[in-house]
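When a ligand or atom number is given, it counts from 1 through the structure's own listing order.
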Amino acid sequence: MKILVVGSGGREHALVWKLLQSPRVTKIFCAPGNAGISGLATCLKISATDIEALADFAQTEGVGLTVVGPEVPLSLGIVDYFEEKGLRVFGPRRNAATLEGSKVFMKDLLEKYHIPSAFYATFTDREEALCYVEKQAAPMVVKTDGLAAGKGVVVAQTIAEAKAAVDLFMKEKAFGEAGNRVVVEEFLRGEEASFLAFTDGETVLPLPSSQDHKAIFDGDKGPNTGGMGAYSPAPVVTEALHRQVMETVMLPTVKGLAAEGCPYKGVLYAGLMIDEGVVKVLEFNCRFGDPEAQPLLMRLKTDLVEIMEAVIDDRLAEISLEIDPRPTVCVVMAAGGYPGKYENGKVIQGLAKAGEHKDVVVFHAGTALQGDAVVTNGGRVLGVTAIGETVQEAIAKAYKAAAEISWDGCYYRKDIGRKALDRV
Ligand code: AMP
Ligand code: GLY
């Protein structure tokens, strides 16, 4: 079977790498891909949001399964369009992807179905938002309703900061229409975890727990990024908590969406806050996490094509997941300056040497080929991912391989996985 993967990040490299392990796959295409993906798949010069061109390609080439990585094409309705053309595609339809595409939709759904989450209020009027914010206790969290490439969330430490966030979103329109509505939310304390599951709209098949590292600096300091590293499992999600998440979050959300007429098929990703054994939802994503996909897919032994086809055909109940019990850790290597301004085009050294390390895969994110050289082409550049008998061992292997790699301005956190170590 021919497969098309849509996207160009570390998540998509991991998807291509995993899908290639399926005996059913004859060829993989990736649109648009990156330098690392081009070693495994044929990269296409089609943007991840050019839905018509992607569907044309899939039809002409006889692609049997299209796998969509990022949220933007899902929110634009790529799945609906492919289905109309009779093409098989893995991911939620547009109305179900609204769970990530609109925080107001998400919060209202959670409230309606009694799914635990932060207390909130939503606003379309700036004056009303400012008035409300003044009466709240800081810290509080201000969010754009729509997608803002992960930048539409401000954790405001003071009322003044919260008001500035309202103005940034609603007056300055920093994220355009995404800020037409805002959510003001209670600040939740605790430890975050990511919980991802496959679902066909009825059966929910959870992947192991994982944890991202959102902040740019060690010790979770500094501004938030797309994610500076991840590991799986996350010991903060105990067996009892896992059950709690399934019973109070995942199953009721999938049921609720079906009851609302937007059945959800694909990977459902809950961003959770855990405080003293109690779980609350921070956000939902309608796709695999990046970087969580890298450590999760490294642990997944079951054929990913089989899982995805079962989701599409509503027979996920027939599948059980086989998971490698060993922990995995992914260290993200980023361009200096990220998540602010950074330069592209820096030649990356040491990739071949790092690639020789046993139990390590170097997933590419923002990379491109320039002649024979691999150069940086984005903020998050690589995800060095390792598997070990223990989380200590996986951390050590990932950092040892990362140390082989360098470029002008290369930066990575040195404490990925430390929270797991603190708990074992
Ligand atoms: P979101 O995209 O909604 O998950 O927000 C991005 C990040 O902001 C989360 O991963 C948290 O670190 C932080 N955050 C969001 N909402 C809250 C909240 N209600 N309380 C505390 N932190 C939050
Ligand atoms: N790692 C966070 C995300 O994928 O949204």
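Close contacts of ligand 1 with K103, meaning ligand atoms under 4.0 Å from a residue heavy atom, involve 1 (P), 2 (O), 3 (O). In the vicinity of V141, heavy-atom distances shorter than 4.0 Å reach the ligand 1 atoms 16 (N), 17 (C), 18 (C), 19 (N), 20 (N). Those atoms of ligand 1 that come under 4.0 Å of a heavy atom in E283, given as number and element, are 1 (P), 2 (O), 3 (O), 4 (O). Close approach to F187 involves these atoms of ligand 1, each under 4.0 Å from a residue heavy atom: 20 (N), 21 (C). Of all the atoms in ligand 1, the ones that sit under 4.0 Å from a non-hydrogen atom of K214 are 10 (O). Every atom of ligand 1 with a heavy atom of E185 under 4.0 Å away is listed here by number and element: 16 (N), 17 (C), 18 (C), 19 (N).
Considering all non-hydrogen atoms of both residues, C30 and G7 come closest at SG-O, 3.4 Å. Smallest separation of non-hydrogen atoms from M228 and Y411: CE-CE2, 3.9 Å.
Of all protein heavy atoms, the one closest to atom 5 (O) of ligand 1 is V153 CG2, 3.5 Å. The closest protein non-hydrogen atom to atom 9 (C) of ligand 1 is E192 OE1, 3.6 Å. The protein non-hydrogen atom at the shortest distance from atom 7 (C) of ligand 1 is N224 ND2, 3.7 Å.
Contacts between K143 and ligand 1, counted as non-hydrogen atom pairs separated by less than 4.0 Å, involve the side chain only. Residue L188 touches ligand 1 through backbone and side chain together, judged by heavy-atom distances below 4.0 Å.
Under the ring pair (Phe, Tyr, Trp, His ring centres under 6.0 Å) criterion, the residue pairs touching residues 236-279 are F195-H242, with sequence neighbours excluded. Residue pairs satisfying the salt bridge (Lys or Arg N to Asp or Glu O under 4.0 Å) criterion with at least one member in residues 103-120, sequence neighbours excluded, are listed as follows: K107-E185, K112-E260.
Sorted by chain and number, the heavy-atom contacts of ligand 2 below 4.0 Å come from D212, G226, Y269, N285, R287, G289, D290, P291, E292.
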For residues 162-171, which side-chain donor-acceptor pairs fall under 3.5 Å, sequence neighbours excluded?
residue	atom	partner	partner atom	Å
K163	NZ	E134	OE2	2.5
D167	OD1	R126	NE	2.5
D167	OD1	R126	NH2	3.3

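Relative ring orientation between H13 and H364 is described as perpendicular, the plane-to-plane angle rising above 60° on a 0-90° scale split at 30° and 60°.
Expressed to the nearest 0.5 Å, how far CG of D303 lies from CG of L19 amounts to 8.5 Å. We find the OG1-OH distance between T253 and Y113 to be 10.5 Å, quoted to the nearest 0.5 Å.
Partner K265 forms a salt bridge (charged side-chain N to carboxylate O under 4.0 Å, His left out) with one of D200, D314, D80 and no other, that one being D314.
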